[in-house]
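Notes to accompany the following structure.
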Amino acid sequence: MFRFAQHDRVNSLLKSLLLALGVALLLTGCKKSSTAAPQVGPNGPVEVVIPERGAYTGAFMDFGDEEDDVTLETIEDFEQMVGKHQAIIASSSYWGEQNFPADNLNVIWRHGSLPLVFWSPWDKPYEEDHGPDKFNLNEIIAGKWDAYIDKWAEAARDFGHPMIVVFGVEMNGTWFPWSGSYYGGAEWDKERNNWKGPETFRTAYRHVVDRVRARGASNIKWMFHTNNYQYPYETLKCVNANYPSSDYDV
């Protein structure tokens, strides 16, 4: 997925991910560091456990160009390198695949970590810095992809274990096709009291979350994930313009 030419771009992504992971853990909770699989019942409540010392750690490992080639060997090699078990392990699920990454999440869960999924409305080829593709936000809002959303939600529910899901990561930049820059940008929407670009993203975000919840996937904790800086810097890409409300990030 990410084919960066600049080292600072990679660093900024990792920093924003680690910050977001820390916030998500406060909301989601996880068993204290252990190599054993957490004992949590299917779709049961997730206990919020604050560590007595330090903080939970998570990682976005090298799972290939599409970030979905999750293997136990890669996870174990990474943990051996850093010398620490990872409480959260992130990977991607693209709408272009039209499936739920059950195998990947089972590898992560059985390893004793909490899966974090970047669920991205992106079609093949996964190339950055271009406008809307097959999974246009307006068509998502109109219900064109409801059948896929429902199928993914049911599979997530049947997975049965706690997981964190990010819809439309880093919408406050122009590198992904769900950026508000491609949906009206800074044109003002008087009825919504917001810029049209961010408002389109917020509406699509709420539509997706509402449908997933309606299918009974109560084991999902939602994370609103922005980049750690706006690009290009414009008011319309500020976090609060894109934020879907506190009802949609827990």
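Not measured: the values here are computed from a predicted model. For the single chain, residues carry numbers from 1 onward in sequence order.
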> Do the non-hydrogen side-chain atoms of Asp77 and Met61 ever get within less than 4.5 Å of each other?
Replying inline: no
> Could you give the distance from CD (Glu127) to CG (Asp133), rounded to the nearest 0.5 Å?
Replying inline: 10.5 Å
> Taking all atoms of both residues into account, what is the closest heavy-atom pair of Ile140 and Pro121, and its distance?
Replying inline: CD1-CB, 3.9 Å
>> Just checking Trp95 against Trp152, ring centres under 6.0 Å apart?
In response: no
> Out of curiosity, Thr203 OG1 to Asn194 CG, how far, rounded to the nearest 0.5 Å?
Replying inline: 9.0 Å
> Minimum heavy-atom separation for Ser93 to Pro101, with atom names?
Replying inline: OG-CD, 3.6 Å
>> So Tyr126 and Glu66, do their side chains get closer than 4.5 Å, heavy atoms only?
In response: yes
> Do you know which two heavy atoms are closest between Phe201 and Asn242, and how far apart they sit?
Replying inline: CD2-O, 3.9 Å
> Would you say Ser113's side chain and Gln86's backbone share a donor-acceptor pair under 3.5 angstrom?
Replying inline: yes
> Checking side chain to side chain contact (heavy atoms under 4.5 Å, CB included) for the pair Leu114/Tyr56: CA distance, chi angles, key distance, verdict?
Replying inline: CA-CA 11 Å; Leu114 184 65; Tyr56 294 113; over 6 Å; no
>> Testing the basics here: between Ile149 and His207, what is the closest heavy-atom pair and its distance to 0.1 Å?
In response: CD1-CD2, 4.3 Å
>> Run the ring pair (Phe, Tyr, Trp, His ring centres under 6.0 Å) test against Phe159 and tell me which residues pass, sequence neighbours left out.
In response: His161
> For Gly112 and His85, which heavy atoms make the closest approach, and how far apart are they?
Replying inline: O-NE2, 3.2 Å
>> Nearest 0.5 Å, please: how far is CD1 in Ile108 from CG in Asp103?
In response: 11.5 Å
>> Check this for me, if you would: do Arg157 and Glu154 make a salt bridge, where the nitrogen-to-carboxylate-oxygen distance has to be below 4.0 angstrom?
In response: no
> Under the salt bridge (charged side-chain N to carboxylate O under 4.0 Å, His left out) criterion, do Glu199 and Arg202 qualify, and how do the steps go?
Replying inline: CA-CA 5 Å; Glu199 189 60 34; Arg202 294 205 303 180; 2.7 Å; yes
>> Would you say Ile141 ends up clustered with Tyr182 if hydrophobic residues are merged whenever their side chains have heavy atoms under 4.5 Å apart, either directly or through other cluster members?
In response: no
> Aromatic ring centroids of His225 and Phe118 under 6.0 Å?
Replying inline: yes
> Should Glu139 and Lys134 be marked as a salt bridge (charged side-chain N to carboxylate O under 4.0 Å, His left out) after you check the CA-CA gap, both sets of side-chain angles, and the distance that decides it?
Replying inline: CA-CA 9 Å; Glu139 293 185 346; Lys134 181 178 180 179; over 6 Å; no
> Of all heavy-atom pairs between Pro115 and Pro162, which one has the smallest distance, and what is that distance?
Replying inline: CD-O, 3.6 Å
> Given Phe176 and Ser179, is the side chain to side chain contact (heavy atoms under 4.5 Å, CB included) satisfied, shown in steps?
Replying inline: CA-CA 6 Å; Phe176 295 133; Ser179 167; 5.7 Å; no
> Would a 4.5 Å heavy-atom cut-off, applied to side chains only, mark Trp188 and Trp195 as touching?
Replying inline: yes
> side chain to side chain contact (heavy atoms under 4.5 Å, CB included) between Asn104 and Trp109: does it pass, once the steps are laid out?
Replying inline: CA-CA 9 Å; Asn104 286 346; Trp109 182 259; over 6 Å; no
>> We want to know whether Trp175 and Glu170 form a side-chain donor-acceptor pair, criterion being a heavy-atom distance below 3.5 angstrom.
In response: yes
> Quick one: are the ring centres of Trp145 and Phe135 less than 6.0 Å apart?
Replying inline: yes
> Testing Val165, Leu116, Val117 for side chain to side chain contact (heavy atoms under 4.5 Å, CB included) with Met223, which one passes?
Replying inline: Leu116
> Within the side chain of Asp68, is there an N or O that forms a donor-acceptor pair under 3.5 Å with the backbone of Ser91?
Replying inline: no
>> Are the side chains of Thr174 and Asp129 in contact, using a 4.5 Å heavy-atom criterion?
In response: yes
>> So, taking the atom named CG in Asn136 and the one named NZ in Lys144, what distance separates them when rounded to the nearest 0.5 Å?
In response: 8.5 Å
> With sequence neighbours left out, what residues match Val209 under side-chain contact (heavy atoms from CB on, under 4.5 Å)?
Replying inline: Tyr205, Arg213, Trp222, Tyr248
> Can you check whether Phe63 reaches Ile89 side chain to side chain, under 4.5 Å on heavy atoms?
Replying inline: yes
> Taking atom types as modelled, is there a side-chain donor on His111 or Glu79 under 3.5 Å from an acceptor on the other?
Replying inline: yes
> Rounded to the nearest 0.5 Å, how far apart are CD1 of Ile75 and CZ of Arg110?
Replying inline: 12.0 Å
>> With a 4.5 Å cut-off on side-chain heavy atoms, are Trp178 and Val169 touching?
In response: yes
>> What I want to check is whether the side chains of Thr74 and Thr71 have a donor and an acceptor closer together than 3.5 Å.
In response: yes
> To the nearest 0.5 Å, how far apart are CZ in Arg215 and CG in Asp158?
Replying inline: 11.0 Å
> Can Asp123 and Tyr94 be said to form a side chain to side chain contact (heavy atoms under 4.5 Å, CB included), step by step?
Replying inline: CA-CA 7 Å; Asp123 193 25; Tyr94 301 132; over 6 Å; no
> Below 6.0 angstrom between ring centroids: does that apply to Tyr243 and Phe224?
Replying inline: yes
